Each structure stands twice: as C-alpha cells, then as structure tokens.
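Given the structure is predicted, the values throughout are model-derived calculations rather than measurements. In what follows, chains are A, B, ... by sequence order, proteins preceding strands, each numbered from 1. Heavy-atom basis, side chains included; hydrogens, waters and symmetry copies ignored.
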Amino acid sequence: MEGIVGYGAYVPRNRIKVEEIAKVWGADAPSYKRGLMLEEKSVPSPDQDVITMSVEAARRAVLRAGINPKDIGAIYVGSESHPYAVKPSGTVVAEAIGATPDIHCADFEFACKAGSEGMFVAFGLVRAGLIKYGLGIGADTSQGAPGDALEYSASAGAAAYIFGKDDVIATVDASYSYMTDTPDFWRREYQFYPRHGGRFTGEPAYFKHVLGAARGILEQTGLTPKDFKYVTFHQPNGKFPLRAGAMLGFEKAKIEQGWLVPKLGNTYSGASPLGLSAILDVAKPGDRILMVSYGSGAGSDAFVFTATKRLADVQNMTFKTWDMLNNHKRYLEYGEYAKFRGKINKIQD
Amino acid sequence: MLTPPKYWREIPQRYRLEAAKCAQCGKVFFPPRLICDACKGEEFETVVLPREGKIVSFTEVHTPASNFSDEAPFAVGIIDLGNELTILAQIVDCDPGEVKIGAPMRLEFRKLQKDGESGVLCYGYKAVPAR
C-alpha cells in the first residue's frame, strides 16, 4: 500500500522571543503571548532560504527512506517564499540530493497550504503508478510586516516527505481536500509583505476549511476522533489549532505532540508538515494520525496516516523535530533579526 | 562573483561534495583534478565526501570582500573530514569567538553569494556547529 517511505524536518537555529519584538513596537508582550499563545519563533540566517532548508529536510528524508535518490520521479516544493520569481526551487533540491535528470519538478504556491499540496500530488502520482517515489516539501521563510501581528509568528522551517509503495513507514489511508474562494490573506505581485483580513481570517477562513476538510475525511473513512492517536492542524498561532481540535472532539493530548507553534512560530507552508514530522518522531506501529493543512485563499488538505513497524527503525536516524526546537538555539536581538530578515534599507550596489 | 556558467560547472562539488578518487593509487581530490599528483594516473571514480568533521584551523575575517561585507566578522576554517581529507569552508551560525579547534562541525547547504538584487543566487556548503 502507498505511504510515506521517508521524512525529514529542518528548523533554523536562530530564535527571537515575543518580548524582544514587542519591546521595539511598544506592544504588550504578555497579551500577545496570551492571545496568540506564542513564546518565540525561528529565524532563518541570512544565507538560508526555502531552497537551503528544503535541501536539508530532503536529505534527511532520503536518509530515512534508504533509497537511491535517482529513483525519485518527482519533487514538488510548496512555499510562499520561493527565492526566485522565475526559476524553480525544485531543480536545486533535485540536483543537491542527486535526483536529476530523470525527474519532474514544480514549485507550488497556495499560501500556507503549498506544502501539503506538494505532498498530495507526489502521493497521487505514486498511487497512479506513474513514478516509483515522489517527494513533497513544505518550506517557508515566512514574511510578516514590521509591527504587524504577523511579525510575532512568521518563522522559518521545512519538512519533506517521500512517498512510495514499498517499505512504507506510514500508510496513506485517505486524503480529502476542501476549497472555496475566500480572500482572508494575500500578497500581491512585487509586494514584500502579505496583507490579511484580521478577524476575518478566523471563522469564515481557517475554521470553515480546517473543519470542513477534517469532517469530510472523517465522513469518507467512517472514522471518529476516538480512532486517532494524534492530530495536527495548520498552526498560524497557538489558539487556532487547539480550538479546531476541540470543536472536532479531539482531546488536547492528541494535539500536543504536533503543536509546535508556541516554540516555532508559523512556518506557513511548513506548519502542518512539520507538525506531522514531530508526530512521526514518536508514533508507534498502528497509531493513526490525522493531518489537516490550511492555506488562505482558501483551502485545506486532509490526510489519514497509519504508522507501520518500519517507522521505529528510522525515527532515530537523524534529527527529531522537538529536539531541534528545544536545543541548540541561538537567541537574536531585534536589530540582528531585522538585519537577518532584510528589514533594514541599505544603499543598493 | 561567481558567474552563472562557472557556478553551474561547480554544482557537483558545491551541492553534493563530489570528489575524484584516483583509480590507480586511491588518492582523493576535492575539487577533482585531471591528473593525480601522486601517481600521474588519469582515471578517477566519483566519491562523495562525508558531511561531518572537526575544525583543524580557522581564521576570523573582519574585512571581507564586498560581497560578504554584511556577514563580517565571520570565520573561515579547515575541516578535517577523516581519511586525510580536509575542506575549506565558511563557518556560520555562530559567533567567530565561539569557534574552537577540534570542535565538531557539519556541512550544510547554504546560500553562498547573491549577485545584487536581481542576479543569480549561488548555493553550496558551509560549516555549522554540530549538535
């Protein structure tokens, strides 16, 4: 049966605390921490972008899969911060992991849903029998305008998933998608920072689609929240995924392992894929997992996975997600963060 | 600045750490060479270097070339990858003052240079402190 044969995650070492950002803008840090349930977020180094993080996550996925990269037939990188407007991220990843030239690459964009979109298509091609292995990646160096609420959450990270038919570590039991045209968050061409609809991003946007996709896949499979050991949702802040889980009937204990946002921030296209990686780091054979992404504009992809016996063989092969979040951190002051993120205007060469 | 053709030619080394191993005497060259300086052999097989090693020596750069001015100060070091293989790499993700000889390092995929605001982005390896 088709499923995940390898996975890998990458989180940059740099962090900035909510207090450090709030201090600069005269904002009340405790109310942000309470309101958004955020403590700190990851920050990419100046020499890191979607391509570099995708390569690192992909290398870890190849290591866990134990496959020849030449057998990967497709690479899809989902992001809203591809380094080039014209030139693919996927070809660099393919070249770096040694998967060229017999391969299909495409870069996907769908706000924060681009990562699960890449997973969906890679999985679909494997199921259709068109390719042996397919690699889907969700990665972002998320943009948030200085002083905007998004600045407290917009972070960086990547997660990569290789799908195949043999030696899977988790089967894909079902997939389901739910989309409408909902203008809750957008970034126009040539604009550096996104705009959003404030509270409009909640009920008619995030909750409608996340709940719609989750209820849709539960109905399709005949499963209920009791049948799952873990669930991970898109996590733009701490509150939304907890509330979505409660509305669907999932106990908090099933959400916490994949609830990374208080320590990681919102990695946009990487958010639910990274949540899934943290779950796969600890899941036991037979554990059933629900993943529901969300991308503004708007839509959600849902997957049901079941861990296999082989998962235990690969969990400790490389870095685990919570280990990256809790250890080896390097805290930045706002000035250094602003320089790293290109928020300071300089004279152009 | 790396021009696109030069950057493109070096992709196997910069992306995948591909080295050349002399088929005659086994000496490994990075970057690859056409003739082995030990036995004058001209046949090589491609081998991939490991991504983990230890710092043999390093220097701090305070006055870099203009392309790297935003990154100063930074360290550049020689990393011992084992089997008498060493590699020169920029050391990032730490303050130069934290760099120590013998410290374990890992080679990560990073952006090496960018040609202004509209030119090509060049990627390759840099050394970061291993966990």
Would you check if B/Asp95 and A/Arg330 make a side-chain contact, meaning some heavy-atom pair closer than 4.5 Å? yes

Under a 4.5 Å cut-off applied to non-hydrogen side-chain atoms, are B/Tyr15 and A/Val92 in contact? yes

Distance, nearest 0.5 Å, that separates CZ of B/Arg110 from CD1 of A/Ile51: 14.0 Å

Would you say [atom1] of [X] has more than 12 non-hydrogen atoms from neighbouring residues, nucleotides or ligands within 6.0 angstrom?
X	atom1	result
A/Glu333	CD	no
A/Ile344	CD1	yes
A/Lys343	NZ	yes
A/Asn327	CG	yes

Using atom types as modelled and distance alone, determine if a side-chain donor or acceptor of A/Arg13 lies under 3.5 Å from a backbone N or O of B/Asp93. yes

Between the side chain of A/Glu56 and the main-chain N/O of B/Phe109, is any donor-acceptor distance below 3.5 Å? yes

Could you tell me whether the side chains of A/Glu95 and B/Tyr123 share a donor-acceptor contact shorter than 3.5 Å? no

Would you mind checking which part of [X] comes under 4.5 Å of any heavy atom in chain A, side chain (CB onward), backbone (N, CA, C, O), both or neither?
X	answer
B/Val120	both
B/Arg14	neither
B/Ile11	side chain
B/Glu108	both
B/Pro129	both

Could you look at A/Lys346 and say if it's the side chain, the backbone, both or neither that has a heavy atom under 4.5 Å from chain B? side chain

Side chain, backbone, both or neither: which part of A/Met53 has an atom under 4.5 Å from a heavy atom of chain B? neither

Any Lys/Arg nitrogen of A/Asp47 or B/Lys111 sitting under 4.0 Å from an Asp/Glu carboxylate oxygen of the other? no

Scored by heavy-atom pairs under 4.5 Å with chain A, the best of B/Gln113, B/Lys114, B/Arg106 is B/Arg106

